Each structure stands twice: as structure tokens, then as C-alpha cells.
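For reference, the structure is listed below as C-alpha cells.
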Amino acid sequence: MDNKVIIKLSKDACKNEAVSRFFGTPTVPGEWFDDEIFGEGEVFVCQIALADYTDFGGYGLFPTDGYIYFFFDTEDTENPLRIRFFGDTPDTVVEDFNDSVDFDISHKEYSVIFSDDTANLPGAFVSSAELSGDDIILFDFTNADKELFRFLGDKKKIKITKDALKSLELYKAELI
């Protein structure tokens, strides 16, 4: 069975704060600010609502509730990924998250359409949840809009081991 999930970026406005989106305004748990987990050079890339995502598979390794977040640390040249999980509904909208960092990243917000088929999905899209041996490719930006994701450089995939994903040790993800 093919559990690859296709994520299409749509220019349609997001319906509410706690939905899947790329760029723009994240909705995060307020407690993350209390814990000061964000570095000064972090920019928001996306949030994925797992309730929508897991409708298309995910090999049973993803929780069916909660959110996965992808941030990019502009000051860390070795491992700029900051992938985090939150198991509840986030409560804090951060309108200007990317404004404080001088970094060339889109400020336009893109809503997300999930599919298991690339047919009828023109435009920018990324794919994810592709099985590769003991690894899961969380995101594959190979076919995505190159201008939107130019900050990734020549690395176009994010991988993690199945075990790390299952135990939600998302800090072990790598940009390859």
C-alpha cells in the first residue's frame, strides 16, 4: 500500500488559526514562550494538523491528533531544523513570528490541501511520509516551488528514523 502523502500549497486563506499552513502566521502553544524554546534566529516554515494528515496514511507512525511544526534556525549552519510536536490544540497566534529575523523567507501564508495522488495538483507542492528503509521522509521538497524553498539550499528532504518518529524524538530529523 502506498502511504505517500502529497501536500499542495494553496493561496486560499486559511480557514482558522489551528489548521495546517506553510509560512505566514503560526498558531503555537503559549507554553512554548514560557519555556523560551525558540532561538533568536528561528523562522516559521509550517504547521501540520495531524488529524487531517493521518487520513492519508503515514504508516501508523504518526499520532492522529496534535501538530507537527517545522522551524528553520537561520543561525545554525550544521543542523538548522527545529521540528517539534504538540499533542493538543495550540492557543497562541503569533502574527509577526518571522518579522524579527532578517532572512529571505516567504511571508505569504499558504493553506494546505492533502492528497494521496499527484494528479490534479498543479502548482507548488511537497510530498511527505514516504518510506525509505528504516527511515521516513517527513518532507520532500524536490518538486516544490524552488523560490519558496530556496532557503533549504541543495538539500531537499527531511528524514527521520521510524523509531525516532514513533517516539516523537523529532529533534533527530535531518535535512538531506
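This one's a predicted model, so the numbers in the text were calculated from it and none came from an experiment.
When side chains are defined from C-beta on, Ile136 counts as touching Leu131, because their heavy atoms get closer than 4.5 Å. Taking 4.5 Å as the limit, every side-chain heavy atom of Asp52 sits out of range of all side-chain heavy atoms of Val19. By the 4.5 Å heavy-atom criterion applied to side chains, Phe71 and Asn98 are not counted as neighbours. Annotation: side chain of Phe23 is in contact with side chain of Leu148 (closest heavy-atom distance under 4.5 Å). Annotation: side chain of Val28 is not in contact with side chain of Phe97 (no heavy-atom distance under 4.5 Å). Using a 4.5 Å heavy-atom cutoff, the side chains of Phe125 and Ser115 are not in contact. By the 4.5 Å heavy-atom criterion applied to side chains, Val126 and Ile7 are counted as neighbours.
In terms of the side chain to side chain donor-acceptor pair (under 3.5 Å) criterion, residue partners of Ser10 (sequence neighbours excluded) are, by chain and number, Asp12. Among residues two or more places apart in sequence or in another chain, the side chain to side chain donor-acceptor pair (under 3.5 Å) test is passed with Thr142 by Asp140. Remark: Phe72 pairs with Phe103, Phe151 by the ring-ring contact (aromatic ring centres under 6.0 Å, His included) rule, at least two apart or across chains. Considering only residues two or more places apart in sequence or on other chains, Glu147 meets the salt bridge (Lys or Arg N to Asp or Glu O under 4.0 Å) condition with Arg150. With sequence neighbours left out, the ring-ring contact (aromatic ring centres under 6.0 Å, His included) criterion links Phe141 to Phe139, Phe149. Residues forming a ring-ring contact (aromatic ring centres under 6.0 Å, His included) with Tyr110 (at least two apart in sequence, or on another chain): none. Legend: residues meeting side chain to side chain contact (heavy atoms under 4.5 Å, CB included) with Asp96, ordered by chain and number and at least two apart, are Val94, Asp99.
Note that NE2 of His107 is 8.0 Å distant from CG of Asp104, once rounded to the nearest 0.5 Å. Ile137 contributes atom CD1, which lies 6.5 Å from atom CD of Glu130 (distance to the nearest 0.5 angstrom). Within the model, atoms CG of Leu152 and CD1 of Ile176 stand 12.0 Å from one another, a figure rounded to the nearest 0.5 Å.
Residue-environment remark: NZ (Lys108) exceeds the threshold of 12 foreign heavy atoms within 6.0 Å.
No chain of hydrophobic side-chain contacts below 4.5 Å, direct or via other Ile, Leu, Val, Met, Phe, Trp or Tyr residues, connects Phe44 to Ile68.
Of all heavy-atom pairs spanning Lys159 and Asp135, the tightest one is NZ-OD2, 3.5 Å. Taking every heavy atom of both residues into account, Tyr67 and Thr89 meet most closely at CE1-CA, 4.1 Å. Ser127 and Ile6 make their closest contact through CB-CD1, 3.7 Å (heavy atoms, listed as atom of the first residue, atom of the second, distance). The two residues Leu175 and Pro80 come nearest to each other via the heavy atoms CD2-CG, 4.3 Å. Nearest heavy atom pair, residue Ala173 against residue Leu138, reads CB-CD1, 4.4 Å. Across every non-hydrogen atom of Phe114 and Val5, the tightest pair is CD2-CG1, 3.9 Å.
With hydrogens and angles ignored, the 3.5 Å screen pairs a side-chain donor or acceptor of Lys156 with a backbone N or O of Gly153. A donor-acceptor pair is defined here as one N or O able to donate and one able to accept, closer than 3.5 Å; such a pair exists between the side chain of Ser20 and the backbone of Ala49.
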Compile the donor-acceptor pairs under 3.5 Å between side chains in residues 164-172 and protein atoms, sequence neighbours left out, one pair per line.
{"unit_1": "Ser167", "atom_1": "OG", "unit_2": "Asp163", "atom_2": "O", "d": "3.0"}
{"unit_1": "Ser167", "atom_1": "OG", "unit_2": "Ala164", "atom_2": "O", "d": "3.3"}
{"unit_1": "Ser167", "atom_1": "OG", "unit_2": "Glu169", "atom_2": "OE1", "d": "2.8"}
{"unit_1": "Glu169", "atom_1": "OE1", "unit_2": "Lys172", "atom_2": "NZ", "d": "3.4"}
{"unit_1": "Glu169", "atom_1": "OE2", "unit_2": "Tyr171", "atom_2": "OH", "d": "3.4"}

Under 3.5 Å, which donor-acceptor pairs do the side chains of residues 81-88 form with other protein atoms, sequence neighbours left out?
{"unit_1": "Arg82", "atom_1": "NH1", "unit_2": "Asn79", "atom_2": "O", "d": "2.7"}
{"unit_1": "Arg82", "atom_1": "NH2", "unit_2": "Asp73", "atom_2": "OD2", "d": "3.1"}
{"unit_1": "Arg82", "atom_1": "NH2", "unit_2": "Asp76", "atom_2": "OD2", "d": "2.9"}
{"unit_1": "Arg84", "atom_1": "NH1", "unit_2": "Glu42", "atom_2": "OE1", "d": "2.9"}
{"unit_1": "Arg84", "atom_1": "NH2", "unit_2": "Ile37", "atom_2": "O", "d": "3.2"}
{"unit_1": "Arg84", "atom_1": "NH2", "unit_2": "Glu42", "atom_2": "OE1", "d": "3.3"}
{"unit_1": "Arg84", "atom_1": "NH2", "unit_2": "Glu42", "atom_2": "OE2", "d": "3.0"}

Could you check Ser128 against Tyr53 for side chain to side chain donor-acceptor pair (under 3.5 Å), going step by step and ending with a plain yes or no? CA-CA 10 Å; Ser128 59; Tyr53 182 84; 3.0 Å; yes
Using the rule given for ring pair (Phe, Tyr, Trp, His ring centres under 6.0 Å), can you reason through Phe38 versus Phe33, listing the C-alpha separation, both sets of side-chain angles and the distance that settles it, and then say yes or no? CA-CA 8 Å; Phe38 297 111; Phe33 288 100; 5.2 Å; yes
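The salt bridge (charged side-chain N to carboxylate O under 4.0 Å, His left out) analysis of residues 18-36, with sequence neighbours excluded, yields the pairs Arg21-Glu109.
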